[in-house]
Novice: 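Dumping the structure here so I can ask a few things about it.
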Amino acid sequence: MRRWRPVGPASEWTAMEERVLERWREGDVFRESVAMRRGGEPYVFYEGPPTANGRPGSHHVLSRVFKDIFPRFHTMRGRVVERKAGWDCHGLPVELEVERQLGISGKPGIEAYGIAEFNRRCRESVGEYLEEWERLTERIGFWVDTSEAYRTMDTDYVESVWWGLATLFEKGRVYESDKVVPYCPRCGTALSSHEVALGYQDVVDPSIYVTLPLLPGQSTGEGLSLLVWTTTPWTLPANQAAAISPGTEYAVVVHGEERLVMAEALVPAVMGEGAVVERVIPAADLAGLEYEPPFDLIPGRHVVVMSGFVTTDDGTGIVHIAPAFGEDDMRVARDHGLDAPNPVDREGRFTAAVPLVEGVFVKDADSVLMGDLEARGRVFRSVPYAHSYPHCWRCSTPLLYYAKPSWYVRTTDVRDRMLDLNAGVGWHPGHVREGRFGKWLEGNVDWAISRERYWGTPLPFWRCDDCSEVTAIASFAALRACALVDVPADLDPHRPWVDTIPVRCGCGGTAHRVPEVADVWFDSGAMPFAQHHYPFEGSDDLAGRFPADFVCEALDQTRGWFYSLLAEGTLLFDEAPYRNVVCLGLILDGEGQKMSKSKGNVVEPWTVIDHAGADAFRWYLFTAQSPWESFRFSLDVVDETRRRFLFTLWNTYVFLVTYAALPDGWSPGDPAPPPEERPAMDRWALSRLDATVEQVTARLADYDPTAAGRALEELVDDLSNWYVRTSRRRFWRGDDPAGTAAAFATLHECLTTISLLLAPFCPFVADEMWGNLVAVHDDTAPPSVHLADWPDPGSRRDQDLEQAMVAAMEATTLGRAARKNAKLKVRQPLLEAVIACPPATARMLHGLSGIVAEELNVREIRFVTDAGGLVEVTLKPNYRTLGPRMGTAMPAMAAAVADLDATATVRALDAGESVTVTVQGRDEVLRDDDILREVRPSEGYAVAEGGPLAVGLSTHVTHELEMEGLARDLVRAIQNARRAADLNVADRIVVHLDGSGRVREAIDAHRQWIAGEVLATDLTVGHGVPFAALHREDGEVDAEPVAISLSRA
RNA sequence: GGGCGAUUAGCUCAGGUGGUUAGAGCGCAUCCCUGAUAAGGAUGAGGUCCCAGGUUCGAGUCCUGGAUCGCCCA
């Protein structure tokens, strides 16, 4: 009883995938695949949480399928791979979305609206696209447990983050400092360096050269003005000092009435070549001089100081110092005991300290301030300046560098340790370790973890109203223990609720929570422990859950999640949080442009899935190129991938099932000869199969799905275009039952093993094939390929056979080229093909000559191994073997080889003798390996050659051969008629033919053969059809008219 | 301004440790096959391997410099 399920055409691919998906749902296959490995060694995967308040795009498909393939692979190899989904819930993107919905903007708007209600809406907004995310996740076959996903806003999660922050605080790794930070005045918050990195834009800012006249009555500098250059004129009112570079010579340049001071080296750049330098002053003589500030509004020392950070690369070599608005400026101010006055409020507007522009946003104040300076004759020159300036990555507001208190984690303390740990991480590509990520770590600065925002993990720090002492609270229990009010059992640990809970300070005073929330990157970096509510629940260690064996995200996460994970892993556990990292590239459109909604070039994942299916989408992403390069992505490239690989595979599978399902077909378990007794073609296929298993396993174990996938592509191509092509007849000829059984068993095993190898890549088609190739026939087999074990490579490699087959393929290609040259179609049988090649090749090919003969449609294959006669030989030195031996004498050797008598040399080598040549007075013995031969047909043969092989065909078509060719043509015509009549491949027919004398002669000569080929039980010839024809057609065969009638037998 | 990566056929991409005539797919042209058929195959045209130096008997491959593009940092 055959149990094969009928198979549909490849064009119904997406319907097939939907059916498989349904089977997974019904059988709960994902859960089962994990559960059945319980007790095995864990393989730890961390899901980097996406934010679900936007639609998932094609780039999310990229990361999600890479997150899928390795867990699937390791599951099949016996590891337990828990896959907990996660969602990043907090942060500015969410707040911005809610602000947009509410039509409010900025912090005052939010506070007027009410933090409680605002945060409630943020919580809702987070889940808005959750359903679409889950639907896409399922449809692309990303197996991850979304039912128990961690969410960074969950109470348990927040408590774990509190634990982390409080632990760092207790270790003395957290501090608060007034520091200049990149600050977004619209969002009202400082940005972390990795956020700043997201928002550089090329802009044109005003840049001005301003004069700072030195005050009269000082030792040096009477009548001189310092020249400073700035691209942020709005910082000039806050000027406190002018910094110069120690050890640099400063020039006094005459400019009209004025005498300007600037670094001597920069005079030509600033003043032009003709500038007159009056004299030169060493930096030391300028230090300490006082000058007239650009605006006499804010008190200060207005003094010249020396600082190492000043360069003479650009500007004037004198730097305007506004301590509140620059990191270097602040350091200079600290070093020299200067104040850091700040005339700009939190919204980025000038305060009453600068009446001229009070209430004006700083960037808008530039022109007014410059106009005022100009009017006072203090501007030397002003030119627009194009540079890259950081903007808020969410709202595009230009960032201000701005002094304000912030909370920091002292990551610089563990910088070297992070570098150590990073050295042991398996990065893919490897250059990220020392390159992009390593360089980033080397330049590490303390991590600013506080944000003055609303929707985030509140910092668990309480500051005493009386003694200012800060208490860090590591758990809700600890909070309850020292709270001065009742803490509800269902505490929402978000603002504003936690802000209403004062606690008792050690000094007896009352402490209130500091207003800031945590950087969302701290949330995601905490996921290794927070997703398990560590250390509050379950085991108090993370054994089997930390570190991860594998994480995977886009390359831009080097500064984001990859960093926050490593920083927290190092600080809290002194261990790298991941062993292997796979980086992914960007998804660009087909023209290499970044996809963006405004350009309208976004390829939606659903478009790809609906048209080409998830397997094709996945296969493209895995195999198109190295995953960390940018993808030039379009529907077309996925479609091409699908046709090239998936359809080829599917056609091969359909071929097997079609013939196996016939009544006289075959089922798994039917007896078949053992592999070693099967024909060469089968042994070759199994050898290739074993080689591929080995390769795919090794490449996947090394996180290289691209090479693994390409090995599979080659195998499928070999099977389809060589094995099936040459073995086709064995699948339906009844005269060799052992050969038929061997063919079925071989192809079945290949496809079954391929379904296993393919399972992590294309889980749908792999399972579909497994179901029909294995599961339906064997009730004890795993019902899904994803519950099966990864195959072990067999021991049937036969490299000699593989090599011989390559030669056979080459001979076939050449034979076909020869036919084309001679204009002899393949259907016309010929007497013989002559293969000219070295004896070793001939020995190798001998066992395969039947295959070559059949492919070339010739009766005989004859080998010619002697040079001369059929072919001429030319000799070339083998540089690969001779080069290292000869060194600089190599050109002389090449000349010596060219001088050899080719025919005699080849004869000697073929006889096993060596050949000696004299090169630069030394005798060199040449072996067979050292000489490469090229054969070329001699005159008179229509042949084709390639390297050491040449194939010639006897072109004489005898009458007998002609009749045989005609018979073949008739078979083809009848087969076409069968197709036109819509018959099944196994239907028996009766045929009646009518045609010319030549046609009749061909039929008479080959009647039995023709009937056999077309499954005819009766074949008649002549006028008048002796049965009621199901189908009839008139046509031509080899220019002869032929009428074909046929009917079912 | 600095770091990292890329640049190979019209397009998309392969090309361990340097070694014969640099490959594949798509597209194009010309054919073939027809018991996988809304498939399949063959042949052909198409290359200054970004440029310039260098190392070497020999460089797409290694070194130096430059150009262009991308990402990251300042």
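Naming: A, B, ... by sequence-line order, numbering from 1 per chain.
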Novice: B:C11 P sits how many Å from A:Asp636 CG, rounded?
Specialist: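 It works out to 16 Å between those atoms.
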Novice: Of the nucleotides B:C72, B:U21, B:G3, which has the atom closest to the A:Lys439 side chain?
Specialist: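 The answer is B:G3, which lies nearest to the side chain.
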Novice: Salt-bridged, A:Lys439 to A:Glu434, with N to O below 4.0 Å?
Specialist: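 The answer is no: the pair does not qualify as a salt bridge.
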Novice: Can you tell me, in whole Å, how much space there is between the C1' of B:G46 and that of B:U12?
Specialist: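 So the two C1' atoms sit 16 Å from each other.
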Novice: Do the side chains of A:Arg728 and A:Glu854 get close enough for a salt bridge, i.e. N-O under 4.0 angstrom?
Specialist: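 Looking at A:Arg728 and A:Glu854, the cut-off is not met.
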Novice: Could you tell me how far B:C26 sits from B:A45 if I compare only their C1' atoms? Round to whole Å.
Specialist: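 Looking at atom C1' only, B:A45 and B:C26 are 16 Å apart.
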Novice: May I ask you to say what A:Thr623 touches in the nucleic acid, namely base, sugar-phosphate or nothing, with a heavy-atom cut-off under 4.0 Å?
Specialist: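 No contact.
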Novice: Start at the 5' end of RNA chain B and walk down; is the nucleotide closest to A:His431 or to A:Leu882 reached first?
Specialist: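 Its nearest nucleotide being more 5', the pick is A:His431.
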Novice: Give me the distance, rounded to whole Å, that separates B:C69 from B:C31 when you measure between the C1' atoms they each carry.
Specialist: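 Their C1' atoms lie roughly 41 Å apart.
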Novice: So, is A:Arg436 close to the B:G3 phosphate, meaning a side-chain N or O under 4.0 Å from OP1 or OP2?
Specialist: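 A:Arg436 to B:G3 OP1/OP2: no side-chain N or O under 4.0 Å.
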Novice: How many whole angstroms separate atom CG of A:Asp930 from atom P of B:G19?
Specialist: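 So the two atoms are 17 Å apart, to the nearest Å.
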Novice: When the aromatic ring centroids of A:Tyr563 and A:Phe437 are compared, is their separation below 6.0 Å?
Specialist: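 That pair fails the under 6.0 Å test.
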Novice: Compare side-chain N and O positions of A:Gln625 against OP1 and OP2 of B:C13 and report whether any pair is under 4.0 Å apart.
Specialist: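 Yes.
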Novice: So, are A:Glu855 and A:Arg725 salt-bridged, with charged N and O less than 4.0 Å apart?
Specialist: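 Yes, A:Glu855 and A:Arg725 are salt-bridged.
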Novice: Just how far, in rounded Å, is C1' of B:C57 from CD of A:Glu924?
Specialist: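 Rounded to whole Å, this separation is 14 Å.
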Novice: Please state how far atom CG in A:Asp639 lies from atom C1' in B:U12, giving the value in whole angstrom units.
Specialist: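 Checked: the CG to C1' distance equals 14 Å.
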Novice: Ring centres under 6.0 Å, that's the criterion: do A:Phe645 and A:Trp650 meet it?
Specialist: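 No, they do not, as the ring centres are separated by 6.0 Å or more.
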Novice: Is it the case that more than 12 heavy atoms not belonging to A:Gln625 sit under 6.0 Å from its CD atom?
Specialist: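 Yes, enclosed.
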Novice: Distance between the C1' atoms of B:U64 and B:A22, in whole angstroms?
Specialist: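 So the two C1' atoms sit 25 Å from each other.
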Novice: Could you give the CG-to-P distance, from A:Leu584 to B:C71, as a whole number of Å?
Specialist: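 The answer, rounded to whole Å, is 17 Å.
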Novice: Reading nucleotides 36-47 of chain B 5' to 3', which nucleotides get B (base under 4.0 Å from a protein heavy atom), which S (sugar-phosphate only), which -?
Specialist: BS-SSSSS----
Novice: Base, sugar-phosphate, or nothing for A:Arg978, non-hydrogen atoms under 4.0 angstrom?
Specialist: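 Nothing, no heavy atom under 4.0 Å.
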Novice: Report the distance from atom CD of A:Glu442 to atom P of B:C72, rounded to the nearest whole Å.
Specialist: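 My rounded result for the distance is 20 Å.
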Novice: A:Leu555 near the nucleic acid: base, sugar-phosphate alone, or nothing, with a heavy-atom cut-off under 4.0 Å?
Specialist: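 It contacts nothing in the nucleic acid.
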Novice: When rounded to the nearest Å, what value does the distance between P atoms of B:C33 and B:A42 take?
Specialist: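 Result for the P pair: 14 Å, nearest Å.
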Novice: Quick one: do A:Arg885 and A:Asp930 make a salt bridge, cutoff under 4.0 Å?
Specialist: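 Yes.
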Novice: Which nucleotide in the set B:G5, B:U20, B:C13 lies at the smallest distance from any side-chain heavy atom of A:Glu629?
Specialist: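 Output: B:G5.
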Novice: To the nearest angstrom, how far is A:Glu713 atom CD from B:G25 atom C1'?
Specialist: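 After rounding, the reported distance stands at 9 Å.
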Novice: For A:Asp704 and B:A14, give me the distance from atom CG to atom C1', rounded to whole Å.
Specialist: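 Whole-Å distance recorded here is 13 Å.
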Novice: How does RNA chain B look in dot-bracket notation if pairs are Watson-Crick or G-U with both distances under 3.5 Å, crossing ones as [ ], other-strand ones as |?
Specialist: (((((((..((((.....[...)))).(((((.......))))).....(((((..]....)))))))))))).
Novice: How far apart are the closest heavy atoms of A:Ala612 and A:Thr14, and which atoms are they?
Specialist: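 In terms of heavy atoms, the two residues are closest at C-CG2, 4.3 Å.
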Novice: With under 30° as parallel and over 60° as perpendicular, where do the rings of A:Tyr620 and A:Phe633 fit, or are they tilted in between?
Specialist: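 Rings of A:Tyr620 and A:Phe633: tilted, 30 to 60°.
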Novice: Does any donor atom in the side chain of A:Thr231 or A:Asp205 lie under 3.5 Å from an acceptor atom in the other side chain?
Specialist: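 Side-chain D/A pair, A:Thr231 to A:Asp205: absent.
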Novice: Would you mind classifying the nucleic acid contact of A:Leu1015 as base, sugar-phosphate or nothing, using non-hydrogen atoms under 4.0 angstrom?
Specialist: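 Base, at least one base atom sits under 4.0 Å.
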Novice: Over all strands shown, is A:Pro884 touching base, sugar-phosphate only, or nothing at heavy-atom distances under 4.0 angstrom?
Specialist: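 A:Pro884: base contact, heavy atoms under 4.0 Å.
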Novice: Which is true for A:Ala894 with a 4.0 Å heavy-atom rule: it touches a base, it touches only sugar-phosphate, or it touches nothing?
Specialist: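 Here A:Ala894 touches no strand at all.
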Novice: Measuring from the side chain of A:Arg559 (C-beta onward, heavy atoms only), which nucleotide among B:G19, B:C72, B:U34 has the closest atom?
Specialist: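 My answer, after comparing the listed nucleotides, is B:C72.
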Novice: Taking the six-membered ring for Trp, are A:Tyr659 and A:Phe744 closer than 6.0 Å centroid to centroid?
Specialist: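 No, too far apart.
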Novice: Map A:Thr558 and A:Gly887 onto RNA chain B by nearest heavy atom, then report which one ends up closer to the 5' terminus.
Specialist: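 Closest to the 5' end, via its nearest nucleotide, is A:Gly887.
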Novice: Quantified in whole Å, what is the C1' atom distance between nucleotide B:U7 and nucleotide B:A52?
Specialist: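 Going atom to atom, C1' in each nucleotide, I get 16 Å.
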Novice: Compare the minimum distances between each of B:C57, B:C71, B:U12 and the side chain of A:Arg632, then state the nucleotide with the smallest one.
Specialist: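 Minimum distance to the A:Arg632 side chain belongs to B:U12.
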Novice: Does A:Tyr653 have its ring centroid less than 6.0 Å away from the ring centroid of A:Phe647?
Specialist: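 Between A:Phe647 and A:Tyr653, which both carry aromatic rings, the centre distance is not below 6.0 Å.
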Novice: C1' atom, B:A59 versus B:C50: distance in rounded Å?
Specialist: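 After rounding to an integer number of Å, I get 16 Å for this pair.
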Novice: Less than 4.0 angstrom between a side-chain N/O of A:Lys876 and OP1 or OP2 of B:G19, yes or no?
Specialist: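 No, because none of the side-chain N or O atoms of A:Lys876 sits under 4.0 Å from OP1 or OP2 of B:G19.
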Novice: Distance between the P atoms of B:U61 and B:U8, in whole angstroms?
Specialist: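 Taking atom P in both B:U61 and B:U8, they lie 14 Å apart.
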